[in-house]
**Student:** 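Below you'll find the structure I mean.
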Amino acid sequence: MTRDDLSRFFSLNLNFSAIGLEPSSGSDYFCTPVDAEEFARLGVDGIHFILLPGDERVFCVDPEMGEIGTYVLPVAEDFRSFLSYLLSCGDANVLSQIHWMNEEQYQTLLREDREQTWPGCEAVFADKERALQTIAAQFGLSPTDPFRRVKALQKAFDPAALRFSDEYYDVLGLDRD
């Protein structure tokens with residue numbers, strides 16, 4: 001289901017960058033699991049979103065803010081949940097940061113994102129709004145606030161099941177057990 005929804009999503013005529021989901025470049029980072037299927041990236045700091053074999057969850061990989069056990073964390077139960085969270089946040093960037101925030105920080109980030117302006121931002125905001133409306137209509141979804149759900153998903157996640165390359169262990173100075 002998740003992979004079918006993902007294919008359908010990327011077949012839409014959207015400005016994916018406007019919602020923080022630039023198409024995958026295929027370049028792995030030391031902390032990208034070896035069996036990961038990258039489908040999009042934020043476009044900053046190497047942050048990217050992946051699927052793992054046999055798993056419906058959507059994961060975020062963050063090479064800059066992560067640490068052992070948090071470089072790869074789930075951000076949605078499945079791709080449709082991911083999209084409904086995206087509809088709520090307006091941008092995938094917020095989803096990538098939930099792991100280190102408390103609820104007040106999360107609400108502040110949402111507010112700051114909504115209030116941010118710069119010269120020429122109207123075109124970006126229009127693209128974002130079109131993308132979000134298209135996603136809602138095409139998938140029959142409503143916005144769902146992700147904060148508590150993602151926090152619970154991440155708390156229950158055991159990163160020990162992830163498989164990493166030799167580079168991961170070398171970079172972090174870990175034994176390969």
Side-chain angles (χ1 to χ4, degrees), residues 1-63 65-66 69-101 106 110 127-165 168:
M1 182 82 159
T2 287
R3 281 155 181 82
D4 292 339
D5 287 339
L6 184 62
S7 294
R8 184 172 158 210
F9 173 75
F10 279 110
S11 72
L12 298 173
N13 185 20
L14 303 177
N15 177 351
F16 296 102
S17 295
I19 55 174
L21 291 174
E22 294 185 7
S24 172
S25 67
S27 60
D28 287 338
Y29 285 79
F30 78 96
C31 57
T32 302
V34 294
D35 48 0
E37 176 186 339
E38 179 186 332
F39 65 87
R41 43 185 64 239
L42 283 182
V44 297
D45 298 331
I47 298 168
H48 52 287
F49 297 94
I50 64 168
L51 301 174
L52 295 172
D55 199 330
E56 291 293 306
R57 294 175 293 183
V58 173
F59 291 83
C60 180
V61 179
D62 188 342
M65 295 285 289
T70 66
Y71 285 109
V72 181
L73 289 172
V75 292
E77 300 84 347
D78 55 42
F79 192 68
R80 283 184 181 247
S81 296
F82 180 78
L83 292 177
S84 75
Y85 298 163
L86 183 68
L87 292 173
S88 178
C89 297
D91 192 291
N93 177 50
V94 176
L95 292 172
S96 76
Q97 296 186 56
I98 287 176
H99 75 277
W100 65 264
M101 289 189 266
Y106 165 73
L110 288 175
D127 279 351
K128 180 182 286 204
E129 189 57 33
R130 273 192 298 277
L132 295 172
Q133 288 177 359
T134 300
I135 292 165
Q138 290 293 316
F139 287 90
L141 296 172
S142 299
T144 302
D145 187 280
F147 186 79
R148 291 191 176 153
R149 292 175 185 210
V150 171
K151 283 291 198 183
L153 192 62
Q154 292 174 347
K155 183 177 181 180
F157 177 63
D158 181 3
L162 298 172
R163 294 179 339 129
F164 294 102
S165 68
Y168 174 84

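Note: hydrogens, waters and symmetry copies are ignored here, and every other heavy atom, side chains too, is used. Computed from a predicted model, the values in this text were never measured in an experiment.
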**Student:** Output side-chain donor-acceptor pairs under 3.5 Å for residues 151-164, partner residues at least two apart or in another chain, one line each.
**Tutor:**
{"unit_1": "K151", "atom_1": "NZ", "unit_2": "I98", "atom_2": "O", "d": "3.0"}
{"unit_1": "K151", "atom_1": "NZ", "unit_2": "H99", "atom_2": "O", "d": "3.2"}
{"unit_1": "K151", "atom_1": "NZ", "unit_2": "M101", "atom_2": "O", "d": "2.7"}
{"unit_1": "Q154", "atom_1": "NE2", "unit_2": "P74", "atom_2": "O", "d": "2.9"}
{"unit_1": "D158", "atom_1": "OD1", "unit_2": "A160", "atom_2": "N", "d": "3.0"}

**Student:** Measure across V72 and F59 and return the closest heavy-atom pair with its distance rounded to 0.1 Å.
**Tutor:** CG1-CD2, 3.9 Å
**Student:** Partners of R57 by salt bridge (charged side-chain N to carboxylate O under 4.0 Å, His left out), sequence neighbours excluded?
**Tutor:** D55
**Student:** Check whether R80 reaches the backbone of D5 with its side chain - one donor and one acceptor, N or O, closer than 3.5 Å.
**Tutor:** no
**Student:** Show the nearest heavy-atom pair for residues L42 and G20, with the distance to one decimal.
**Tutor:** CD2-O, 3.2 Å
**Student:** Is the shortest side-chain heavy-atom distance between V61 and I47 below 4.5 Å?
**Tutor:**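 Of all side-chain heavy-atom pairs linking I47 with V61, none is under 4.5 Å.
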**Student:** Give every residue pair that meets the side chain to side chain donor-acceptor pair (under 3.5 Å) criterion with at least one member in residues 11-23, sequence neighbours excluded.
**Tutor:** N15-D127
**Student:** For Y168 and C31, which heavy atoms make the closest approach, and how far apart are they?
**Tutor:**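 Of all heavy-atom pairs spanning Y168 and C31, the closest is CD1-CA, 3.9 Å.
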**Student:** CZ of R130 to CG of L12: how many Å apart, nearest 0.5 Å?
**Tutor:** 14.0 Å
**Student:** With sequence neighbours excluded, give me every side chain to side chain donor-acceptor pair (under 3.5 Å) pair touching residues 39-50.
**Tutor:** S25-R41, T32-H48, E38-R41
**Student:** Under the salt bridge (charged side-chain N to carboxylate O under 4.0 Å, His left out) test, which residues partner D145, sequence neighbours left out?
**Tutor:** none
**Student:** Can you list the residues that meet the side-chain contact (heavy atoms from CB on, under 4.5 Å) rule with T70, with sequence neighbours excluded?
**Tutor:** E67, L73
**Student:** Taking atom CZ as the centre, does R3 end up with more than 12 heavy-atom neighbours from other residues, nucleotides or ligands that are less than 6.0 angstrom away?
**Tutor:** yes
**Student:** What pairs with D62 under salt bridge (charged side-chain N to carboxylate O under 4.0 Å, His left out), at least two apart in sequence or on another chain?
**Tutor:**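 Salt bridge (charged side-chain N to carboxylate O under 4.0 Å, His left out) list for D62, sorted by chain: empty.
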**Student:** The criterion is salt bridge (charged side-chain N to carboxylate O under 4.0 Å, His left out); which residues satisfy it with D78, sequence neighbours excluded?
**Tutor:**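 D78 satisfies salt bridge (charged side-chain N to carboxylate O under 4.0 Å, His left out) with no other residue.
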**Student:** Only pairs under 3.5 Å count here: list side-chain donor-acceptor contacts from residues 83-93, not counting sequence neighbours, and write none if there are none.
**Tutor:**
{"unit_1": "S84", "atom_1": "OG", "unit_2": "S81", "atom_2": "O", "d": "3.0"}
{"unit_1": "S84", "atom_1": "OG", "unit_2": "T144", "atom_2": "OG1", "d": "3.4"}
{"unit_1": "Y85", "atom_1": "OH", "unit_2": "E77", "atom_2": "OE1", "d": "2.7"}
{"unit_1": "Y85", "atom_1": "OH", "unit_2": "E77", "atom_2": "OE2", "d": "3.1"}
{"unit_1": "D91", "atom_1": "OD1", "unit_2": "N93", "atom_2": "N", "d": "2.7"}
{"unit_1": "N93", "atom_1": "OD1", "unit_2": "Q97", "atom_2": "NE2", "d": "2.9"}

**Student:** Please report the shortest heavy-atom distance between Y71 and P63, naming the atom on each side.
**Tutor:** CE2-O, 3.7 Å
**Student:** Under the rule for ring-ring contact (aromatic ring centres under 6.0 Å, His included), what residues qualify as partners of F79, not counting sequence neighbours?
**Tutor:**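 Expected list: F9, F39, F82.
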**Student:** Just so I know, are the side chains of I135 and I19 near enough to count as touching, which here means a heavy-atom distance under 4.5 Å?
**Tutor:** yes
**Student:** At their closest point, which heavy atom of L52 faces which heavy atom of A36, and how far apart are they?
**Tutor:** CD2-CA, 3.9 Å
